[in-house]
Amino acid sequence: VDITVAAVTDSSGSFSLLPAELEAPRADEVLVRLVSVGICATDLHFATFLPTNAVLGHEGAGVVEAVGAGVTGVRTGDRVALAFTSCGSCKQCRSAAPSYCAQFDALNFAGSRPDGTSALRIGGEPVYGHFLGQSTFATHAVANVRSVVKLADTVDLRSAGPFGCGFLTGAGTVFNVLKPGPASAVAVFGAGAVGLAAVMAAAASGAETIVAVDVSQSRLKAAEGVGATHVLDSRHGDLVERLREVVPGGLDGSIDTTGRAEVVSAAVTALHTRGICAVVGVGPSDAVSIDWRTLLNGRTVTGIISGSAVPQVLVPQLLELQAAGRFPVEKLMTRYAFEDINEAAAATRRGDVIKAVLTF
Ligand SMILES: NC(=O)c1ccc[n+]([C@@H]2O[C@H](COP(=O)([O-])OP(=O)(O)OC[C@H]3O[C@@H](n4cnc5c(N)ncnc54)[C@H](O)[C@@H]3O)[C@@H](O)[C@H]2O)c1
Ligand SMILES: [Zn+2]
Ligand SMILES: [Zn+2]
């Protein structure tokens, strides 16, 4: 199939629209025509070091145009969202934990199928594709059926893209890991797309206290609009002390989406003795220092990939929650035409938009 992709140009992280060829789907693959694709911080990070002509994009949603001979459960014409892929046969996959698949990095970041081939060619040459199971900064994508999530016919595909990563990550971390109850207190550090999805999920769970922490007043305002009961600007004062003022007994759960050591450290220290801190962000810090006794006294620090979710289970649930008005992620989205990907990426980098969504 002849398609158009937004390919990585150079280490500046910009994209150029190019004609490309996409192979027909293999036995276990599906061809999808994209309707929307969100831009995630992870795309912009990878864009700075992948080779020229690599194709990123991992929050795609669209319509199935063809299925491979061995595919069951998905048909031509189905509406789908795409998420990361996994092997399906390792211990983690068999334990319903596909985001911890033993082959996760090889399948999602190598730029190819497991056999080393890429479905994507530019100017006749194979290029880096299959990013997080999809490479959907493109009019069409070939994805392994394990990353395909079938959606209801009523779903608006123009909004469904980001459910495959950012929204899944934030909400899944709350529903699958922190599991706040009605009297719980949670704090979300970093109020971007991931953090705000977490705030919404905490509100939907009935958590009593939901603190959002950021360095941007507009992000804190957005957090108040989606369920945060308290907001803190982490630039002012001692963060742990100020969290203690809001929640004297300590937090039941915290989520870091900043990837900054000093923030992670505060997110752990502000827990009560049996609280859980979920580390989700990928940021500038390599290592975190946490006081020995803080951990010894029963606290848990855990890293979380894709909200520890099975996308085929949680994505439809989140879309239903959205339809019921309890997961109002449309407030976070700004739409751009696919052609305007560089403008959308620049606005995302500046923090001017929370979730840029490209439409085709
Ligand atoms: N673990 C996963 O599976 C997974 C999945 C998706 C995204 N991510 C990562 O999650 C992170 C968040 O993604 P996003 O799309 O929400 O990004 P984002 O950039 O929109 O959000 C990060 C927020 O952190 C805030 N921030 C920066 N420094 C801060 C500080 N010192 N204190 C408090 N807040 C601060 C920023 O102002 C911003 O609002 C990224 O690092 C992304 O790569 C991880
Ligand atoms: Zn992502
Ligand atoms: Zn696996």
Side-chain angles (χ1 to χ4, degrees), residues 3-8 13-18 32-47 55-64 79-83 131-132 134-141 143 149 151-171 191-200 216 218-219 221-223 225-226 311 315-316 318-360:
I3 68 167
T4 304
V5 298
V8 168
S14 58
F15 302 91
S16 61
L17 291 196
L18 297 174
V32 177
R33 172 178 60 79
L34 275 306
V35 174
S36 70
V37 60
I39 297 181
C40 173
T42 309
D43 294 306
L44 302 181
H45 177 59
F46 273 74
V55 181
L56 292 163
H58 65 282
E59 291 187 344
V63 180
V64 174
R79 290 158 176 251
V80 296
L82 298 173
F131 179 64
L132 279 158
Q134 44 188 296
S135 287
T136 37
F137 288 161
T139 55
H140 299 73
V149 181
L151 306 177
D153 288 340
T154 47
V155 165
D156 178 4
L157 288 173
R158 282 169 25 94
S159 305
F163 282 78
C165 180
F167 300 161
L168 182 73
T169 295
V194 173
L196 292 173
V199 168
M200 290 179 208
S216 147
S218 65
R219 295 279 164 113
K221 206 162 184 299
V226 297
V315 168
L318 294 178
L319 284 160
E320 277 180 31
L321 208 54
Q322 181 196 25
R326 297 175 65 206
F327 192 60
V329 285
E330 52 288 342
K331 290 183 183 172
L332 311 183
M333 293 189 239
T334 305
R335 291 202 176 76
Y336 294 84
F338 178 49
E339 294 69 31
D340 298 328
I341 182 169
N342 283 318
E343 192 190 318
T348 303
R349 278 197 195 91
R350 287 194 304 267
D352 291 352
V353 299
I354 296 173
K355 174 57 73 181
V357 180
L358 308 175
T359 54
F360 296 83

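As a basis for the values below, the full set of heavy atoms in this structure was taken, side chains included, without hydrogen atoms, waters or symmetry mates.
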Check for a donor-acceptor pair, side chain of [X] on one end and backbone N or O of [Y] on the other, with a separation under 3.5 Å.
X      : Y      : result
Lys331 : Val226 : no
Ser135 : Val55  : yes
Thr4   : Thr139 : no

Give, for atom [atom1] of [X] and atom [atom2] of [Y], the distance between the pair rounded to the nearest 0.5 Å.
X      : Y      : atom1 : atom2 : result
Thr334 : Leu358 : OG1   : CG    : 11.0 Å
Glu59  : Ser36  : CD    : OG    : 9.0 Å
Ser159 : Met333 : OG    : CE    : 4.0 Å
Ser218 : Ile354 : OG    : CD1   : 7.0 Å
Arg158 : Glu330 : CZ    : CD    : 12.5 Å
Cys40  : Phe167 : SG    : CZ    : 10.5 Å

With side chains defined as the heavy atoms from C-beta onward, is the minimum distance between [X] and [Y] less than 4.5 Å?
X      : Y      : result
Val32  : Thr136 : no
Lys355 : Val329 : no
Leu332 : Met200 : yes

Do you know the tightest heavy-atom contact between [X] and [Y]?
X      : Y      : result
Val315 : Ala81  : CG1-CB, 4.5 Å
Val357 : Pro162 : CG2-CG, 3.8 Å
Thr348 : Ala356 : OG1-CB, 3.6 Å
Pro316 : Pro311 : CD-O, 3.6 Å
Ala160 : Val155 : CB-CG1, 4.0 Å
Ile3   : Ala138 : CD1-CB, 4.3 Å

Pairs of donor and acceptor atoms involving the side chains of residues 337-346, under 3.5 Å and at least two apart or interchain, shall be tabulated with distances.
from, atom 1, to, atom 2, distance (Å)
Asn342, OD1, Phe15, N, 2.8
Asn342, ND2, Phe15, O, 2.7

Legend entry - Check against side-chain contact (heavy atoms from CB on, under 4.5 Å), Val353 and Tyr336: CA-CA 11 Å; Val353 299; Tyr336 294 84; 3.5 Å; yes

Inset, instruction - Could you tell me whether Arg326 atom CZ has more than 12 heavy atoms of other residues or ligands within 6.0 Å of it? - result: no

Inset, instruction - Evaluate the criterion side-chain contact (heavy atoms from CB on, under 4.5 Å) for residue pair Phe360 and Val37; output intermediate values, then yes/no. - result: CA-CA 9 Å; Phe360 296 83; Val37 60; 3.8 Å; yes

Legend entry - side-chain contact (heavy atoms from CB on, under 4.5 Å) between Leu132 and Asp43, intermediate numbers included: CA-CA 10 Å; Leu132 279 158; Asp43 294 306; 5.9 Å; no

Inset, instruction - Please identify each residue that fulfils ring-ring contact (aromatic ring centres under 6.0 Å, His included) with His58, with sequence neighbours left out. - result: Phe131

